[in-house]
Amino acid sequence: MSLVEQINKQNVPQHIAIIMDGNGRWAKQQGENRIYGHYEGVNSVRAVVEAAGEVGVKYITLYAFSTENWNRPKEEVDALMELLVSTISAETPQLNKKNVRLQAIGNLNSLPPACLEELNESIELTSKNTGLTLVLALSYSAKWELIDAVKQIATQVKNGSLAIEDISEKHFEQGLCTKNIPDPELMIRTSGEHRISNFLLWQLAYAEFYFTEKLWPDFRKDDLYEAILNYQNRERRFGKTSEQLTQP
Ligand code: IPE
Ligand code: IPE
Ligand code: MG
């Protein structure tokens, strides 16, 4: 049986978040410069979006550029921004064909204007699609997002529209960039690194983590299916005991 056939369609994560890591090391292994690895990583994005849509995943969030990534050499940052613009404009017709809706999270106003324009255009052009939602995390940092949410809450308290005792998780979530998006059940990181790198700190509170040694440009459909199958073999207890989950 192929990997995709082994997946239990009743227990597919609604939302998968991925830290796409290892492009630079992959390129180095090929004797190329880091930027080549980013270009090749686009093929993996295409494969994963297709695979996720096929097994009924509803949301996929890809960590494409962190706030910390602005500190990379200018040449690499410029290349990543150009790649973003060219990929989004080239892929939008395919997204529409596959019924994929594009969204973005992060400090988007810090992106170069051409990038933001292309992004907003594609978000608008795909906004009516009803299949998979592809969320790109761009200039994203969870600490930035959390502080921004706190600022929104503080403003509401200050202007009297919210009482301190009414602040709840639900309320807080309304201040996050991911409002209206369910929390990921599964988080995948490639390239053998075991860290979260400022990604979705709030939203991953109860996610299952899956790490693979594969470098991002080598990641393909079967790698996503393997991660989903691994997820399906886990017992998600949410603080309860195993017995509580199995007894009616
Ligand atoms: C991930 O690959 C892509 C981005 C962070 C934009 P890296 O560029 O981090 O590749 P490595 O980790 O240096 O191999
Ligand atoms: C995390 O990867 C960010 C993205 C994948 C966009 P990095 O390669 O930048 O993470 P660190 O700095 O090694 O933790
Ligand atoms: Mg990296």
Side-chain angles (χ1 to χ4, degrees), residues 15-49 52 59-88 90-91 102-112 114-116 118-119 134-148 176-178 181 184 186-204 207-220 223-224 227:
H15 184 176
I16 301 178
I18 306 182
I19 302 181
M20 312 183 285
D21 200 10
N23 295 352
R25 278 163 284 167
W26 185 91
K28 230 172 160 183
Q29 283 177 5
Q30 319 284 316
E32 300 281 350
N33 78 8
R34 298 179 49 82
I35 292 161
Y36 178 67
H38 299 313
Y39 275 81
E40 286 298 309
V42 175
N43 296 327
S44 307
V45 171
R46 219 176 276 126
V48 157
V49 167
Y59 294 86
I60 191 148
T61 297
L62 301 178
Y63 204 4
F65 194 86
S66 72
T67 306
E68 289 75 20
N69 290 148
W70 289 114
N71 298 319
R72 290 192 178 193
K74 185 179 180 309
E75 187 194 49
E76 183 169 345
V77 171
D78 289 349
L80 279 165
M81 291 302 142
E82 270 171 38
L83 179 63
L84 190 70
V85 176
S86 60
T87 304
I88 290 174
E91 296 292 324
L102 184 70
Q103 293 196 340
I105 57 170
N107 187 5
L108 304 178
N109 288 325
S110 67
L111 295 171
C115 226
L116 187 56
E118 196 61 58
L119 184 66
L134 169 62
V135 184
L136 293 181
L138 290 168
S139 192
Y140 176 85
S141 134
K143 286 190 178 179
W144 163 82
E145 179 186 36
L146 292 171
I147 288 178
D148 197 57
L176 300 174
C177 331
T178 50
I181 298 178
L186 173 62
M187 194 286 286
I188 300 171
R189 184 170 189 151
T190 58
S191 88
E193 306 295 356
H194 294 187
R195 57 177 174 271
I196 199 162
S197 301
N198 215 347
F199 189 40
L200 301 176
L201 293 179
W202 172 285
Q203 298 86 341
L204 294 176
E208 297 294 330
F209 284 16
Y210 177 86
F211 298 103
T212 167
E213 293 293 319
K214 276 238 169 131
L215 302 175
W216 180 249
D218 287 329
F219 199 89
R220 285 294 178 273
D223 298 298
L224 187 80

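Residues: numbered from 1 along the sequence shown. Indexing begins at 1, ligand by ligand and atom by atom, following the structure's order.
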Chemist: In terms of atom number and element, which parts of ligand 1 are under 4.0 angstrom from non-hydrogen atoms of Arg34?
Modeler: 7 (P), 8 (O), 10 (O), 13 (O)
Chemist: Any atoms of ligand 1 less than 4.0 Å from a non-hydrogen atom of His38? List them with their elements.
Modeler: 3 (C), 8 (O)
Chemist: Between the side chain of Thr67 and the main-chain N/O of Tyr140, is any donor-acceptor distance below 3.5 Å?
Modeler: yes
Chemist: Please state whether the rings of Trp216 and Phe219 are parallel, tilted or perpendicular, taking 30° and 60° as the class boundaries.
Modeler: parallel
Chemist: Less than 4.5 Å apart, any side-chain heavy atom of Lys143 and any of Leu201?
Modeler: yes
Chemist: Does the pair Arg34/Glu75 count as a salt bridge with the N-to-O cut at 4.0 Å?
Modeler: no
Chemist: Is there a donor-acceptor contact under 3.5 Å from the side chain of Asn198 to the main chain of Ala142?
Modeler: yes
Chemist: Is a side-chain N or O of Glu145 found less than 3.5 angstrom from the main chain of Cys177, in a donor-acceptor match?
Modeler: yes
Chemist: Kindly say whether Thr212 contributes a backbone atom to a donor-acceptor pair with the side chain of Thr190 at under 3.5 angstrom?
Modeler: no
Chemist: Taking both backbone and side chain into account, is any N, O or S atom of Glu193 nearer than 2.8 Å to the Mg ion (ligand 3)?
Modeler: no
Chemist: Do the rings of Tyr63 and Phe199 sit parallel, tilted or perpendicular, given the 30° and 60° boundaries?
Modeler: parallel
Chemist: Name the residues in contact with ligand 2, where contact means a heavy atom under 4.0 Å away: which are they?
Modeler: Ile19, Met20, Asp21, Tyr63, Ala64, Phe65, Ser66, Asn69, Arg72, Arg189, Arg195, Ser197
Chemist: Name of the Asp21 N, O or S atom nearest the Mg ion (ligand 3)?
Modeler: OD1
